[in-house]
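A note on names: the letters A, B, ... follow the listed sequences, proteins ahead of strands, and every chain is numbered from 1.
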Number of protein chains: 2
Amino acid sequence: MPTIHDVAKHAGVGSITVSRVINNSGYLSKETRARVEQAIAELGYVPNTLARSLRSKRTNTLALVLTDITNPFFTTLARGVEDAASKAGYTLIFCNSDESAMKESTYVNILLQKQVDGFLLVPAQSKTTTIELIHSRAVPVVVIDRAVPGIAVDVVRCDSEEGAFGLTRLLLELGHRHIACLCGPKGVSTADDRAAGFLRALRSAGIAPGRDCILRGELSQEGGYLMAQQALRMAHKPSALLAANNFITIGAMKAAQEAGERVPEDIALVGFDDLPAAMVTFPFFTVAIQPAYEMGRKATEILLQRLKSHGAERQHEEVIFPTQIIVRRSSGDSVMGLHPIG
Amino acid sequence: MPTIHDVAKHAGVGSITVSRVINNSGYLSKETRARVEQAIAELGYVPNTLARSLRSKRTNTLALVLTDITNPFFTTLARGVEDAASKAGYTLIFCNSDESAMKESTYVNILLQKQVDGFLLVPAQSKTTTIELIHSRAVPVVVIDRAVPGIAVDVVRCDSEEGAFGLTRLLLELGHRHIACLCGPKGVSTADDRAAGFLRALRSAGIAPGRDCILRGELSQEGGYLMAQQALRMAHKPSALLAANNFITIGAMKAAQEAGERVPEDIALVGFDDLPAAMVTFPFFTVAIQPAYEMGRKATEILLQRLKSHGAERQHEEVIFPTQIIVRRSSGDSVMGLHPIG
DNA sequence: CTGTTAGCGCCTTCAT
DNA sequence: ATGAAGGCGCTAACAG
């Protein structure tokens, strides 16, 4: 593994000259540069970024900590991050926290040790500890997808509350009066916001929410399956389900099918987050979609801004994208015998 | 940002002692350790992995270079890699080559500069250049998913040829005599192998393959869409399609729907790679599936082995997983008026 | 059990 | 236009 000194010796120059060639900095005569470049080629020299970073205090590396790259929403988001990062000359380290605050903090610690220049974080829980840890080391961080109340930090997310409101409103307009919300765990801001939007829509229609109209479970197919089973077994069975994410929607669908309930004839089902077009054979679900790629891109841009303007303590930004509701078959037509509202 | 010296001073010891505490190496008295640990806590010291790696020549980082994390096959594979890597104390840097050999080599160069300890590589093309580059720096690499002829290297992949043979055989047994293969680009080993298996099955049934029964295109939904359109417009329209991957399958489905062809009644459609259960509402496609997670895990294990046994030049391994054929609706029932083969 | 010395490979500072 | 010295934060190799 040749070093800068080997190259210098080989070219008959000082090592700093080689450094200047690599970095295109300072003054160099054409001949010297040519000689050095040839030496580099001959030895197959590759600069050691580690040593460079040790000196310069910059690694040109960003960290993306999210909950589960297996979910296409996050996959798409990750592509947005990677494309923006790599265009700006940064590489990306990514880690899956699996919705565990402990894994998250373990990873963040490792990444801090690796001296990453900045963090993109999808927090597992609406807690400030991880962010405080990062702040304490003066490393910039942009939170994606989920709000974290009680701390000043850049956030890029979607208006989950409004999206849930819209979806619920849609169901209400179709005549549904008894709706269950299959929600993610408490403490996950998107889940909580979606529950809130759901409740606001009910109240806006003058409907008193039942005590068990909000079910809590994992943001997974399994979670959706279990919650839907529970909903379908309720004494006063709901005529519509609102699922808090794509996997929950699929799980709920499975549960409905198993229970012999047709969607949407017997029960309507709407959800959050679409699957990418490339993965869907029969577009079926009515959903509120979030611009995942765009969110990743925007968050990375903000982070890169912070990196550029180093200490210049600008105000923290909160970018909130709107969700978009796509009506398809799973929400069904008007429910007969009920009066649509407004 | 406190350094090891600050901690040493604070604790009244030499810096090497602090190093020993951090790394749990060498002998230490209980009191010294306690004192150092307290100093670490008080100063909020975090070791600098960069400096450590510069000395130790190990970064505890692996690189995963694949073509497109957006494809659930690779997403699942990536989880297999990450889980295995993180269990062994390694972190992961991943990059998308987008099937471009140039992007691939750019990334590999950056990753070499970053001194990653090893590579997991899904080569964009069946060329040896990238692997030779990595080898030339004496860094271990395990190739995943695709064969690279002409170079001695560890490979973990699936038996694409056999999988395509099986799928084609299935179609033949259902009575299809005129089948088109919607294949990926030339030079991608999985695509080529699948074409080969397809042809072998035709020949084994005594069928002379038509001259345009193999179409080439991108491994994407768009590619599948275009190839299927082409196939459906052929003078002697095929009665069945074999798609080389999951996205091509979906694209072909779209094209069939648009052309008013019902699957499987008017045309059968089978493919490679399933979508994860969590993403599929109506399991429909007959497919040959590859154990993506397992492939990622296995490849990482081999890489970690190499890392452990450092110079011990063992024989290179080639692990070939079997594919598994799952018969669902898209392959249809027997075609009437044709004689199924043995 | 603990400390000293001497770099790892690179680049900033200052000199020539 | 080029080079010499010194140090980033850490740890191997030796002392003691």
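Each of B:Leu62, B:Val116, B:Thr61 was checked for a side chain to side chain contact (heavy atoms under 4.5 Å, CB included) with B:Thr91, and the lone residue meeting it is B:Thr61.
Applying the 4.0 Å criterion to OP1 and OP2 of C:dC1, one finds that B:Ser29 has every side-chain N and O outside that range. Note on A:Ser53: every side-chain N or O is 4.0 Å or more away from OP1 and OP2 of D:dC8.
End-to-end axis angle for the helix from C:dC1-D:dG16 to C:dT16-D:dA1, using five pairs per end and rounding to 10°, comes out at 40°.
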| field | Annotated protein contacts, base or backbone, on nucleotides 8-16 of chain C with a non-hydrogen cut-off under 4.0 Å, one of B, S, - each | value | BBBBB----
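Every residue meeting the side-chain hydrogen bond (donor to acceptor under 3.5 Å, both in side chains) condition with A:Glu301, not counting sequence neighbours, appears here in chain and number order: A:Arg297.
Among residue pairs with one or both ends in residues 131-152 of chain A, those qualifying as salt bridge (charged side-chain N to carboxylate O under 4.0 Å, His left out) are A:Glu99-A:Arg146; sequence neighbours excluded. Here salt bridge (charged side-chain N to carboxylate O under 4.0 Å, His left out) pairs that include residues 43-66 of chain B, with residues two or more places apart or in two chains, number zero. Applying the salt bridge (charged side-chain N to carboxylate O under 4.0 Å, His left out) definition to pairs two or more places apart or across chains, those involving residues 70-81 of chain A are A:Arg79-A:Glu82, A:Arg79-A:Asp83, A:Arg79-B:Asp68, A:Arg79-B:Asp98.
Going from atom CZ of B:Arg58 over to atom C1' of D:dA12 covers 15 Å, rounded to whole Å. Atom NZ in B:Lys9 sits about 16 Å away from atom C1' in C:dT4, given to the nearest Å.
Contact annotation for A:Thr32: backbone-only contact, meaning every heavy-atom pair under 4.0 Å involves sugar-phosphate atoms and none involves a base.
Counting heavy atoms from C-beta outward, A:Pro140 and A:Leu303 have side chains that approach closer than 4.5 Å. Side-chain contact check for B:Asn96 versus B:Leu66: some heavy-atom pair is nearer than 4.5 Å.
Around the CD atom of A:Glu37, the shell of radius 6.0 Å holds more than 12 heavy atoms that belong to other residues, nucleotides or ligands.
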